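Below you'll find the structure, written out as structure tokens, and then a few comments.
Since we're looking at a predicted model, the values are computed, not measured. Side-chain atoms are counted along with the backbone in the values below, which use heavy atoms only and exclude waters and symmetry mates. Order of the sequence lines sets the chain letters (A, B, ...), proteins ahead of strands, with each chain counted from 1.
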Amino acid sequence: PLSTRCCAPSRAAPAMNCRAEVLEVSVEGRQVEEAMLAVLHTVLLHRSTGKFHYKKEGTYSISTVGTQDVDCDFIDFAYVRVSSEELDRALRKAVGEFKDALRGSGSDGMGQISLEFYQKKKSRWPFSDECIPWELWTIKVNVVNLANEQERQICREKVGEKLCEKIINIVEVMNRHEYLPKMPTQSEVDNVFDTSLKDVQPYLYKISYQITDSLGTSVTTTMRRLIKDTLAL
Amino acid sequence: AMDTDLSSQDRKDLDKFIKFFALKTVQVIVQARLGEKICTRSSSSPTGSDWFNLAIKDIPEVTHEAKKALAGQLPAVGRSMCVEISLKTSEGDSMELEIWCLEMNEKCDKEIKVSYTVYNRLSLLLKSLLAITRVTPAYRLSRKQGHEYVILYRIYFGEVQLSGLGEGFQTVRVGTVGTPVGTITLSCAYRINLAFMSTRQFERTPPIMGIIIDHFVDRPYPSSSPMHPCNYRAGEDNGAVYPSVEDSQEVCTTSFSTSPPSQCVFTVTKAHFQTPPPVVTDTLKVPVMGLAFSHQLSSSRLSYQPAALGVGSADMGYPVLFAGGLNAAHPHQLIGPGKEGGVPTVPSQPAHGTQADQERMCTPLDGVHYSAATPSSSEDTETVSNSSEGKCGSPHDLLETIFIRKVGAFVNKPINQVTMANLDIPFAMFAPKNVELEDNDPMVNPPESPETESPLQGSLHSEGSSGSSTGNTHDDFVMIDFKPAFSKDDILPMDLGTFYREFQNPPQLSSLSIDIGAQSMAEDLDSLPEKLAVHEKNVKEFDAFVETLQ
């Protein structure tokens with residue numbers, strides 16, 4: 001069953017709930033990538049800052065984030081993303097894997113992709129660092145098959161309209177100004193932000209996905225299945 | 001309530017944030033309606049001059065208009081800043097599409113930290129605005145503008161007026177930011193009743209036979225603007241990132257502190273902008289849709305009568321953004337139908353109260369060619385440009401040229417101006433008649449096809465008939481009275497037609513003819529035993545290969 005996760009409250013700080021948002025879309029196979037990218041990029045637009053540059057006395061300044069318009073080829077839709085090729089590549093890679101998994105055997109075209117923002121909490125040896133999610137976006141996808149060109153044209157428009165609604169939903173959530181991690185000191189910045197990119201700094205995030213197979217049970221990613229099979233030998 | 005809680009420094013900072021937030025809001029909205037894809041670059045090190053840490057270009061005209069509308073005030077209760085987006089067709093019909101409202105209400109958040117939380121939330125709100133401006137219906141309309149209509153903007157300050165949006169308009173909230181002096185709200189009210197002009201009417205529904213309407217219409221613009229990355233860093237050194245606005249722009253160099261926000265370091269510097277070198281663009285071919293009006297900037301607010309186009313009221317639109325291209329020396333000079341090339345008389349009283357009721361056109365940008373820095377006089381008292389220099393020649397002629405357009409073959413115009421006699425186009429018989437009924441349209445309901453098999457099908461599979469241009473093919477041809485596009489009977493010989501007819505009946509491929517085919521098959525059969533032997537030798541390799549696949 002596809003469930004949304006909530007994280008355990010962190011030990012020292014006051015109880016912190018992980019905010020979870022779920023979006024659902026029905027798209028044609030060839031629209032999966034663009035639809036996912038549109039949503040993920042819109043979320044990351046709001047959850048990325050410029051690079052922090054720390055100075056003396058604990059102050060920092062922030063570099064500038066550029067943005068650009070992206071037109072979809074298979075959907076009557078356009079969205080804005082941050083101008084960062086690295087980030088775009090990372091998202092495309094994840095979405096590409098998701099799309100392939102959706103198309104693969106054992107899938108009846110239903111799955112979900114999740115974007116989770118988390119904070120790292122350093123633990124003492126021998127415990128490894130904790131990852132504490134504070135916001136989770138889940139996009140449930142249902143792939144439909146269309147019979148003819150006319151239906152495809154209608155689908156282009158309809159999915160475009162749906163995505164407009166999703167963008168409005170995302171912006172609504174962002175506007176609630178709910179919990180955001182505190183701005184970190186220089187030593188803590190890697191526990192809050194992904195500082196590996198050269199021109200933008202998103203909050204630490206991870207993307208995962210699940211495919212529902214035709215039996216209705218959730219099937220985890222290919223890697224896990226392979227390992228299971230190997231062990232079963 | 002007195003804002004005794006707010007330190008004077010905080011108050012000053014807050015006012016500045018709100019002011020620049022308002023200016024950036026206008027930039028984002030107008031730029032989103034230009035009809036082009038916007039692209040700005042991220043920087044890896046702080047520039048110190050990008051408000052809200054976002055790369056949003058400042059179009060000087062737009063900033064100027066916004067400042068004029070605000071007139072030194074800030075949004076407050078009952079005083080909202082509104083950006084009105086409207087559509088104007090080439091026939092002069094116009095319609096309000098959206099009103100973007102930046103409002104302030106009384107709900108104060110005294111606890112919030114100005115130079116930290118408010119600033120970051122304003123930045124987030126701008127990002128939301130970037131996203132939302134792409135999802136309202138006007139975005140798609142604006143991406144298709146330039147041909148039959150243009151998108152205009154108008155900034156006003158005061159009471160929000162939503163009555164022009166028609167019935168049932170919808171609103172979308174972009175976001176809110178609480179401050180110690182009130183809550184800033186940004187929202188958009190947009191028309192959904194696009195009755196007399198649905199988006200469909202302006203979409204290029206693909207015509208049959210792949211002929212583009214554009215070929216038959218005089219386009220005032222060059223073909224649809226290519227996507228320009230708005231790389232405004234190009235050609236400028238580190239100091240100046242933006243083209244300068246009239247006054248030297250106060251720049252917020254905000255440093256943030258990770259210690260308690262009260263220790264936030266916040267400096268304001270006046271950036272010394274270099275004036276970017278004036279960019280000389282190519283002479284603009286005529287006018288911009290003929291909706292160009294000469295415009296003088298003077299200290300009084302102006303509204304004046306357009307010379308043509310039947311725009312009755314003082315509302316008018318003009319292309320702001322071609323200012324630079326037209327006249328580098330007088331950046332705000334525009335070509336237009338002045339009165340015989342002279343300056344239109346300026347009424348001493350503005351026609352519409354104290355608001356500057358001037359619409360601006362959001363037209364495609366020609367790359368980054370904005371006007372050079374305006375004269376360094378202060379923003380409100382620009383010298384009057386010499387609009388009398390006859391740059392336009394005969395403006396009325398220009399206007400006329402533009403609006404006599406040939407009607408394309410598949411134009412779906414419900415207007416009676418088009419009569420069959422005037423049409424000098426192929427497929428003329430299929431152009432809509434005065435009463436535009438789909439039933440009568442042969443393209444939609446083709447006449448009964450004759451009993452013989454479809455000639456198209458026949459000709460493609462014809463065997464033996466070699467390139468003869470017999471009458472057969474086109475006598476039975478249902479749809480087209482053989483007049484290929486781009487050729488006219490009386491002017492040119494029908495080369496294209498002949499070509500087309502000949503290739504309706506191509507000669508047989510030689511490999512399909514029996515003799516040659518039989519020959520090669522015999523050869524193949526002979527060589528088979530040899531090939532089999534070779535494969536047998538390598539059978540182990542093949543087996544190993546198959547293993548690896550499993």
Side-chain angles (χ1 to χ4, degrees), chain A residues 38 41-42 45-55 57-71 76-85 87 153 157 160-161 163-168 170-172 174-177 180 182-189 197-200, chain B residues 28 32 36-56 116-117 120-121 123-125 127-137 139-140 143 172-178 186 203 227 229-231 233 241 253-259 261 263-265:
Chain A
H41 267 304
T42 301
L45 167 69
H46 290 82
R47 292 286 180 248
S48 301
T49 71
K51 302 277 295 176
F52 283 10
H53 292 262
Y54 287 91
K55 301 184 282 213
E57 299 138 19
T59 62
Y60 62 95
S61 56
I62 310 181
S63 73
T64 304
V65 172
T67 56
Q68 57 191 89
D69 279 308
V70 181
D71 285 341
D76 287 348
F77 186 71
Y79 61 93
V80 175
R81 67 168 175 92
V82 294
S83 290
S84 165
E85 292 316 308
L87 185 63
Q153 181 58 35
E157 295 166 14
E161 289 168 19
L163 284 176
C164 288
E165 289 173 28
K166 302 306 162 196
I167 302 303
I168 294 176
I170 293 170
V171 164
E172 258 169 14
M174 297 300 177
N175 179 58
R176 289 185 210 147
H177 300 305
L180 282 179
K182 210 162 54 120
M183 284 301 147
T185 58
Q186 190 165 13
S187 54
E188 293 278 305
V189 69
L197 301 154
K198 76 173 200 299
D199 44 16
V200 291
Chain B
V28 169
E36 279 199 338
K37 278 164 73 162
I38 305 296
C39 175
T40 56
R41 274 193 9 203
S42 304
S43 74
S44 42
S45 48
T47 59
S49 57
D50 291 319
W51 275 97
F52 309 106
N53 309 117
L54 282 174
I56 298 171
Y116 174 76
T117 312
N120 285 333
R121 287 188 181 176
S123 176
L124 195 70
L125 189 51
K127 291 174 180 174
S128 296
L129 183 63
L130 282 162
I132 297 287
T133 42
R134 273 63 177 174
V135 306
T136 54
Y139 180 71
R140 301 204 58 220
R143 288 292 299 269
V172 59
R173 168 118 71 123
V174 182
T176 60
V177 174
L186 186 52
E203 281 180 15
M227 308 304 183
C230 297
N231 186 355
R233 292 170 73 76
V241 181
T253 311
T254 310
S255 296
F256 296 99
S257 169
T258 52
S259 34
Q263 293 171 24
C264 182
V265 171

Query raised in the report: Quick one: does B:Ile38's side chain get under 4.5 Å of A:Thr67's, heavy atoms only?
Result: no
Query - Side chain / backbone / both / neither for A:Val200 at chain B, heavy atoms under 4.5 Å - result: side chain
Query raised in the report: If every non-hydrogen atom of A:Ala78 is compared with every non-hydrogen atom of B:Arg134, which pair is closest and at what distance?
Result: O-CB, 3.8 Å
Report task. Write down the atom of A:His46, the atom of B:Ser128, and the distance for their closest heavy-atom approach. Result -> NE2-OG, 2.8 Å
**Report entry** Interface residue of largest heavy-atom contact number with chain B, from A:Leu163, A:Val65, A:Leu45, under 4.5 Å
**Finding:** A:Val65
Query - From CD1 (B:Ile132) to OG1 (A:Thr42), nearest 0.5 Å - result: 9.0 Å
Requested in this report: With the side chain counted from C-beta on, respond yes when B:Val135 and A:Phe77 share a heavy-atom pair under 4.5 Å apart, and no when they do not.
Outcome: yes
Report summary line: Rounded to the nearest 0.5 Å, the CG atom of A:Asn175 sits from the CZ atom of B:Arg173 at a distance of 6.0 Å
Report task. To the nearest 0.5 angstrom, please state how far the OG1 atom of B:Thr117 sits from the CG atom of A:Leu180. Result -> 10.0 Å
Query raised in the report: Does the B:Ser42 side chain pair with the main chain of A:Ser83, one donor and one acceptor, at a distance under 3.5 Å?
Result: yes
Report task. Would you mind checking which part of A:His177 comes under 4.5 Å of any heavy atom in chain B, side chain (CB onward), backbone (N, CA, C, O), both or neither? Result -> both
Query - Heavy-atom closest contact (B:Ser45 atom, A:His53 atom, distance) - result: CA-NE2, 3.6 Å
Query raised in the report: Considering all heavy atoms of both residues, which atom of B:Leu130 and which atom of A:Val80 are nearest to each other, and what is their separation?
Result: O-CG2, 3.5 Å
Requested in this report: Check each atom of B:Tyr139 against the heavy atoms of chain A and say whether the ones under 4.5 Å are side chain, backbone, both or neither.
Outcome: side chain
Query raised in the report: In Å and rounded to the nearest 0.5 Å, what is the CZ to SG distance from A:Arg81 to B:Cys39?
Result: 8.0 Å
Query raised in the report: Any side-chain donor paired with an acceptor under 3.5 Å for A:Thr64 and B:Asp50?
Result: yes
Requested in this report: For the pair B:Lys127 (side chain) and A:Val82 (backbone), establish whether a donor and an acceptor sit closer than 3.5 Å, ignoring hydrogens and angles.
Outcome: no
Report task. To the nearest 0.5 Å, tell me how far B:Leu124 CG sits from A:Thr49 OG1. Result -> 11.5 Å
